[in-house]
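First comes the structure, then the notes that go with it.
Since this is a predicted model, take the numbers as computed values, not measurements.
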Amino acid sequence: QVRLVESGGGLVQAGGSLRLSCAASGRTFSSYIMAWFRQTPGKEREFVAVIKWTSGTTYYADSVKGRFTISRDNAKNTAYLQMNSLKPEDTAVYYCAAGAATLYVRSESVYEDWGQGTQVTVSS
């Protein structure tokens with residue numbers, strides 16, 4: 001099992017930036033993918049971005065492409081989500097997830113381990 005701990009959420013004005021971190025422990029990550037999802041009350045959890053740990057290949061949701069950047073630090077076993085040009089509609093609880101899938105990486109069903117979530121609030 002992988003333990004994931006998110007940090008970096010908070011309150012920011014529209015147009016501002018935040019960087020989320022996801023520290024992972026408990027298992028080797030050489031074959032893993034790590035992703036960020038987000039969820040607002042009453043809605044399903046939504047894919048945001050994913051990174052393949054070894055290759056660094058990334059994929060993004062269309063709604064965040066060009067504004068958000070996912071990255072990782074192999075030495076620290078930590079993934080990051082740099083969020084720029086934030087909009088009020090980005091307000092959500094952001095979750096970090098880890099898994100070993102190679103397909104359907106935008107689907108939450110392929111992720112085995114989840115963090116507790118961190119709140120991001122963007123004011124207008």
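Pairing each heavy atom of Leu81 with each of Ala49, the nearest pair is CD1-CB, 4.3 Å. For Gln116 against Val5, the heavy-atom pair with the smallest separation is OE1-CA, 3.9 Å. When all heavy atoms are compared, the tightest approach of Glu112 to Ala100 is OE2-N, 4.1 Å. A pairwise comparison of heavy atoms in Ala23 and Thr78 identifies CA-OG1, 3.9 Å as the closest pair. The minimum heavy-atom distance between Gln82 and Ser17, with the atom names listed, is NE2-CB, 3.9 Å. The minimum heavy-atom distance between Ser124 and Ala14, with the atom names listed, is CA-CB, 4.4 Å.
Side-chain atoms of Glu6 never come within 3.5 Å of backbone atoms of Cys22 as a donor-acceptor pair (strictly under, hydrogens ignored). With hydrogens and angles ignored, the 3.5 Å screen pairs a side-chain donor or acceptor of Arg67 with a backbone N or O of Ser85.
Expressed to the nearest 0.5 Å, how far CZ of Phe68 lies from CG of Leu20 amounts to 8.0 Å. Here the straight-line distance linking atom CG of Asp62 with atom CZ of Phe47 works out to 10.0 Å at 0.5 Å rounding. Note that CG of Leu103 is 13.0 Å distant from CZ of Arg106, once rounded to the nearest 0.5 Å. To the nearest 0.5 Å, atoms CZ (Arg72) and CH2 (Trp53) are separated by 7.5 Å.
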### Message
Quick one, Leu4 with Met34, criterion side chain to side chain contact (heavy atoms under 4.5 Å, CB included). Give me CA distance, side-chain angles, the key distance, then yes/no.
### Response
CA-CA 10 Å; Leu4 303 172; Met34 290 188 72; 3.8 Å; yes
### Message
Go through it in stages, so that I can follow the logic: the residues are Glu108 and Tyr95, the test is side chain to side chain contact (heavy atoms under 4.5 Å, CB included), and I'd like the CA-CA distance, side-chain angles, deciding distance and then a yes or no.
### Response
CA-CA 11 Å; Glu108 62 175 304; Tyr95 296 91; over 6 Å; no
### Task
Please step through side chain to side chain contact (heavy atoms under 4.5 Å, CB included) for the pair Tyr32 and Ile51, ending with a clear verdict.
CA-CA 9 Å; Tyr32 265 65; Ile51 187 166; over 6 Å; no
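Residue Ile33 is not grouped with residue Tyr80 when hydrophobic side chains (ILVMFWY) are merged at heavy-atom distances under 4.5 angstrom, including chains of intermediate members. Hydrophobic clustering places Leu18 together with Val122 (ILVMFWY residues linked when any side-chain heavy atoms are closer than 4.5 Å, directly or through intermediates).
The 12-atom threshold is not exceeded at CD of Glu44, counting heavy atoms of other residues, nucleotides or ligands nearer than 6.0 Å. Crowding of Tyr60 atom OH: a count of heavy atoms from other residues, nucleotides or ligands under 6.0 Å exceeding 12.
A 4.5 Å side-chain heavy-atom check between Glu46 and Ser63 finds at least one atom pair inside the cut-off. Residues Gln119 and Thr91 meet the side-chain proximity criterion, which asks for heavy atoms closer than 4.5 Å.
Between Phe37 and Tyr111, the ring-plane angle classifies as perpendicular under the 30° and 60° cut-offs.
Taking 4.0 Å as the cut-off between side-chain N and carboxylate O, Asp90 and Lys87 do not count as a salt-bridged pair.
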